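Reviewing the structure listed below.
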Amino acid sequence: MADLDQFREETRSWLEANCPPEMRQPVEDEADVYWGGRNATFKNEAQKAWFEACVAKGYTVPAWPKEYGGAGLSPAEAKVLREEMARIDARSPLHSFGIWMLGPALLHFGTEGQKQRFLNEIARGEIRWCQGYSEPGSGSDLVSLQTYGDDKGDHWVVDGQKIWTSYADEADWIFCLVRTDKTNKYQGITFMLFDMASQGVSTKPIKLISGSSPFCETFFDSVSVPKSYGEDIPAQVGQVNRGWDVAKYLLGHEREMISATGGVDRPTSLGAVTSRQGELDPVLRAEIAQFDVDALAFTAMSEKFLDEIKVGKAHPAQPNMMKYAGTELNKRRNELLMAAGGSRALEWESEETEGGKPARGWLRTKGNSIEGGTSEVMLNVVAKRILELPGA
Amino acid sequence: MALYYDDDQAMLADSASEFMREEGGIAKQLRHWRDRNCKDGFGHALWEQFGEMGFIGILLSEEDGGLGMGQVEANIVLEEIGANLTPSPFLSSSVLAATALKHGSNDTRGRWLPDLVAGKNVYAVAIDEGPKHRPETIACKAEKSGNGFKLTGKKDFVVYGASAEMIVVAARTSGSDSDADGITLFAVPQDASGMSHDSVRLVDSSMASHITFDGVELDADAVIGDVDGGREVLNAMLRAGRVGAAAEGVGVARGAMDMTVDYLKQRKQFGELIGSFQALQHRAAHLYSEVEIARAVVMKAAQLLDAGSEQAELMISVAKAKVAKAAGLAVREGVQMHGGIGMTDEYDVGLYMKRDRALQEFLGDQYYHAGRVAELSGY
Ligand SMILES: Cc1cc2nc3c(=O)[nH]c(=O)nc-3n(C[C@H](O)[C@H](O)[C@H](O)COP(=O)(O)OP(=O)(O)OC[C@H]3O[C@@H](n4cnc5c(N)ncnc54)[C@H](O)[C@@H]3O)c2cc1C
């Protein structure tokens with residue numbers, strides 16, 4: 001404990017010295033977020049300074065080993081860092097599907113060569129990744145995917161289509177599920193990594209109901225994927241035809257990440273936020289209080305879940321329950337924010353709403369219970385794997 | 001009175017349904033005007049067609065050029081508007097403003113009604129004075145000035161205000177902000193000097209104004225009804241407008257539900273139609289039951305209103321709150337049960353979610369009306 005106290009002291013003074021005041025404010029929109037990648041630009045000097053300080057210290061991925069770009073923090077230390085960052089509202093220095101999704105899968109399934117190369121690139125924000133899972137005919141039933149990789153000896157030729165690929169048009173590389181054996185449903189998928197600049201890859205943005213276009217249709221037209229990127233750096237993670245195991249493992253981490261939309265480290269109650277806009281109708285106030293009960297309880301659950309999962313004490317299917325509860329809460333929160341905001345919050349383009357932020361934000365949250373696996377799928381998994389219900 | 005349509009009403013429902021589907025459909029109207037960033041937010045040609053169909057004057061007497069029908073009939077039109085997301089000033093002009101004008105003098109009616117009924121004019125109503133609907137408090141002031149009035153103050157959420165040739169404004173002519181009495185309604189023409197609009201697009205692509213009245217001079221004949229006696233007329237407007245908005249909400253719920261149930265019968269995952277999963281079947285069936293209940297209470301409330309019953313006030317608030325819940329459920333389930341495609345702009349189900357959101361706020365949300373249900377029930 002004494003050691004942790006000391007770590008807390010050190011962390012506090014490091015944050016004091018390195019986190020600029022501009023980076024100690026809640027994220028307001030996409031421009032406030034740094035995603036890294038080949039074509040990335042910083043919004044301002046403060047964002048750059050904060051990012052670089054974190055890279056140098058290993059704090060873009062604090063719990064990863066030092067040799068892969070992390071800080072090698074223990075779960076307890078990583079928690080202290082999270083708490084100290086939350087205390088001063090410090091922004092996350094780097095948003096990244098590499099950190100949240102691919103990295104954990106590589107740590108678990110990757111070869112030493114893959115870890116050395118890809119994890120370091122991710123930690124330093126050099127390569128931005130996108131996720132090629134869903135296809136037009138394969139959403140909830142992901143394992144039915146059809147994108148096909150034809151084995152040509154030293155490379156595959158990949159043909160097919162992905163859909164809802166978030167940021168495909170901005171990503172440098174893709175981690176992609178590709179069928180390599182048509183005769184075996186579960187053991188016929190390979191988890192491949194390849195460059196989005198490869199010949200034959202094209203993307204077409206899809207507009208969301210919130211008006212922005214963060215996701216795409218992604219087409220593969222005879223894309224040649226080399227089987228190796230160098231010594232001990234195969235293009236696939238895990239074994240060929242055994243990518244489904246990797247895919248599922250990654251989904252656990254993705255769901256853990258999305259569950260945070262339910263409000264880990266969200267210190268203020270919704271009632272405290274909404275009542276700043278004026279007195280609330282009594283029934284709305286009661287509804288918001290009910291929400292606060294659920295949200296504050298969920299915050300405790302999130303803390304418990306994160307503590308447990310880092311040391312292997314959580315049920316392996318628990319991220320599904322967390323994703324379900326967290327995203328449903330976030331949708332409810334935004335419904336109530338809209339109700340509290342009244343007709344002003346309906347505005348789509350006005351200056352007062354900074355271009356319709358409340359309404360667009362509210363609509364975006366509707367995707368939370370769809371992306372990364374729908375709420376229905378989450379409940380199915382809980383019923384099957386945790387409750388072990390018959391036939392489920 | 002039976003809670004189903006009589007023959008005339010069923011005929012009206014058929015023709016309104018066919019008209020909205022063919023002339024007022026999503027591609028032809030909502031998307032068309034939205035994608036062109038139309039500053040009105042609706043099509044004037046369609047509004048003239050509303051006139052030709054007789055819809056505009058549905059609540060007005062035959063002497064005033066209307067059809068002399070009741071709220072049940074107006075609601076029939078509104079449900080079809082809702083189901084097709086037809087952008088039109090019907091609720092503002094034909095229900096709210098028309099209800100106000102019915103209380104006007106012969107001169108007032110003669111001045112404003114003929115152009116309305118013909119679909120030439122659009123009228124708006126200015127009631128709210130903040131982001132939430134609280135008509136109990138009205139601060140916008142009209143002071144005596146010469147032989148008329150001088151109007152000062154602000155109004156919000158004036159739907160289609162910038163397109164309106166005339167705006168019915170509820171203002172205070174005596175007493176303090178939260179007094180029930182001392183309200184007067186004014187017909188303020190579009191070109192009144194000292195009136196300025198900040199017209200903004202809303203989430204559902206409709207337009208609404210924040211209006212500032214900076215000493216707007218009005219003649220005495222701008223008064224609708226009696227000076228200081230506007231509260232009763234305002235309440236009549238609110239009754240009609242609220243139950244009308246509820247009827248439109250039933251249409252929105254029906255539209256979203258129909259799309260969703262269709263999708264459950266088309267989309268396959270795990271080698272089966274997703275509609276074969278009991279987890280979705282039960283929710284779809286639950287949604288159906290909520291929408292049926294919502295439609296029943298809207299019809300009941302409209303009949304009570306037409307009959308002049310004392311129960312109308314309560315049942316209108318029940319209807320507005322219940323529809324908000326049922327339609328909210330319909331659009332949320334609609335998006336969710338569509339999966340990824342439900343989140344796209346190209347697909348229509350999200351448009352229902354947007355329209356529902358705006359309707360929820362209009363003339364009091366479910367929380368406001370649940371509060372009124374408590375008050376009117378004496379607790
Ligand atoms: C904002 C957003 C971002 C996304 N980003 C990515 C990305 O980066 N990469 C990627 O690969 N994908 C991404 N997705 C896709 C997402 O993973 C899929 O949309 C999701 O898995 C659902 O698949 P679907 O859209 O095909 O819906 P479907 O699977 O067709 O589902 C339709 C409805 O049926 C329900 N359903 C299906 N099966 C069952 C069942 N057995 N029991 C009960 N109900 C069932 C679903 O829950 C849903 O309500 C994203 C989606 C969104 C909305």
Side-chain angles (χ1 to χ4, degrees), chain A residues 134 136-144 163-164 206-213 215 277-288 331 335 338-353 356 358-360 362-364 366-367 369-371 374-377 379-380 383, chain B residues 37 128 130-134 156-157 159 198 200-206 208 210 267-272 274 277 279-280 283 321 324 328 331-332 335-347 349-351 353-354 357-358 360-362 364-374:
Chain A
S134 309
S138 307
S140 298
D141 181 18
L142 183 60
V143 77
S144 67
I163 195 166
W164 323 124
I206 307 171
K207 199 168 170 195
L208 278 178
I209 53 178
S210 59
S212 64
S213 299
F215 58 20
Q277 301 162 354
E279 208 184 313
L280 297 165
D281 283 330
V283 184
L284 177 56
R285 180 174 176 276
E287 196 70 26
I288 289 175
K331 289 195 299 181
E335 288 284 340
M338 287 301 286
S343 54
R344 177 64 88 183
L346 298 175
E347 294 176 5
W348 195 240
E349 288 168 344
S350 65
E351 243 170 71
E352 286 75 8
T353 60
R360 292 170 194 268
W362 159 71
L363 287 164
R364 176 62 186 84
K366 300 302 178 192
S369 54
I370 298 170
E371 59 200 315
T374 65
S375 281
E376 291 73 25
V377 168
L379 293 173
N380 283 347
Chain B
N37 207 16
D128 290 1
K132 295 303 285 185
H133 178 66
R134 290 201 178 110
D156 291 310
F157 204 13
V159 176
D198 174 15
V200 293
R201 188 171 303 282
L202 303 183
V203 62
D204 63 339
S205 302
S206 67
H210 301 278
R267 171 72 172 168
K268 275 191 173 176
Q269 285 290 275
F270 303 99
E272 299 184 50
I274 59 174
F277 302 132
L280 300 187
R283 272 162 49 192
V331 297
R332 288 193 303 273
V335 169
Q336 179 67 24
M337 290 192 196
H338 276 83
I341 201 170
M343 284 296 292
T344 63
D345 183 71
E346 210 180 315
Y347 204 79
V349 75
L351 298 174
M353 178 170 270
K354 293 175 177 184
R357 187 68 250 171
Q360 296 260 352
E361 275 312 311
F362 192 61
D365 65 9
Q366 56 174 304
Y367 308 109
Y368 173 85
H369 284 288
R372 268 179 68 79
V373 168

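Throughout, a chain's letter reflects where its sequence line sits, starting with A, and its residues are numbered from 1. Worth knowing before you read on, the calculation uses all heavy atoms, side chains too, and leaves out hydrogens, waters and symmetry mates. If you're wondering where the values come from, they're calculated on a predicted model, not measured in any experiment.
Residue A:A345: no heavy atom, backbone or side chain, is found under 4.5 Å from chain B. Neither the backbone nor the side chain of A:L379 has a heavy atom closer than 4.5 Å to any heavy atom of chain B. Looking at B:A370, the atoms closer than 4.5 Å to chain A (heavy atoms on both sides) sit in the backbone and in the side chain alike. Contact annotation for A:E351: neither backbone nor side-chain heavy atoms come within less than 4.5 Å of a heavy atom of chain B. In this structure, chain B has no heavy atom under 4.5 Å from any part of A:S144. For chain A, the nearby part of B:V200 is the side chain; its heavy atoms alone come within less than 4.5 Å. Looking at A:E371, there are no atoms closer than 4.5 Å to chain B (heavy atoms on both sides), in backbone or side chain. With a 4.5 Å cut-off on non-hydrogen atoms, A:S375 touches chain B through its backbone and its side chain both. In this structure, chain B has a heavy atom under 4.5 Å from the side chain of A:A359, while its backbone stays farther away.
To the nearest 0.5 Å, the span separating CZ on B:F157 from CG on A:L346 amounts to 5.0 Å. In this structure, OG1 on A:T374 lies 14.0 Å from NE2 on B:H338, to the nearest 0.5 angstrom. Rounding to the nearest 0.5 angstrom, the gap separating the CZ atom in B:F270 from the CG atom in A:L142 is 9.0 Å. Here the straight-line distance linking atom CZ of B:R332 with atom NZ of A:K331 works out to 8.0 Å at 0.5 Å rounding. The distance from the CZ atom of B:R357 to the CE atom of A:M338 is 5.0 Å, given to the nearest 0.5 Å.
Side-chain atoms of B:H210 and A:E352 form no donor-acceptor pair, as typed in the model, at a separation below 3.5 Å.
Chosen from B:K268, B:K354, B:E346, the residue pairing most often with chain A at heavy-atom distances under 4.5 Å is B:K354. Options A:R285, A:R360, A:E335 differ in how many heavy-atom pairs under 4.5 Å they form with chain B, and the most are formed by A:E335. No other option in A:P136, A:G367, A:S140, A:G211 has as many heavy-atom pairs under 4.5 Å with chain B as A:S140. Between chain A and the residues B:R201, B:R267, B:H133, B:Q336, the most heavy-atom pairs under 4.5 angstrom are made by B:Q336.
Taking every heavy atom of both residues into account, A:R364 and B:M343 meet most closely at O-CE, 3.8 Å. Summarising the geometry of B:G340 relative to A:I370, their closest heavy-atom pair is N-CG2, 3.5 Å, with the distance given to 0.1 Å. Taking all atoms of both residues into account, the shortest heavy-atom contact from B:D345 to A:L208 is CB-O, 3.6 Å. The minimum heavy-atom distance linking B:G350 with A:I209 is given by the pair CA-CG2, 3.9 Å. Here the closest heavy-atom approach between residue B:P131 and residue A:G341 is recorded as CB-O, 3.4 Å.
B:V203 places a side-chain heavy atom less than 4.5 Å from the side chain of A:W362. Under the 4.5 Å side-chain criterion, counting only non-hydrogen atoms from C-beta, B:T344 is not in contact with A:K207. Looking at B:N37 and A:E349, their side chains come closer than 4.5 Å, going by heavy atoms from C-beta outward. Proximity of A:W164 to B:I341: side-chain heavy atoms (C-beta onward) are separated by under 4.5 Å at one or more points. Contact annotation: the side chain of B:K132 never approaches that of A:R344 to less than 4.5 Å [non-hydrogen atoms, C-beta and beyond].
Remark: side-chain polar atoms of A:D141 are not paired, donor with acceptor, to backbone N or O of B:Q269 under 3.5 angstrom.
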- Message: Run the side chain to side chain contact (heavy atoms under 4.5 Å, CB included) test on A:D281 and B:R134 for me, step by step, so that the C-alpha distance in whole Å, both residues' side-chain angles and the decisive distance to 0.1 Å come before the verdict.
- Response: CA-CA 10 Å; A:D281 283 330; B:R134 290 201 178 110; 3.6 Å; yes

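With respect to the salt-bridge test (charged N to carboxylate O, under 4.0 angstrom), the residues A:E376 and B:R283 qualify.
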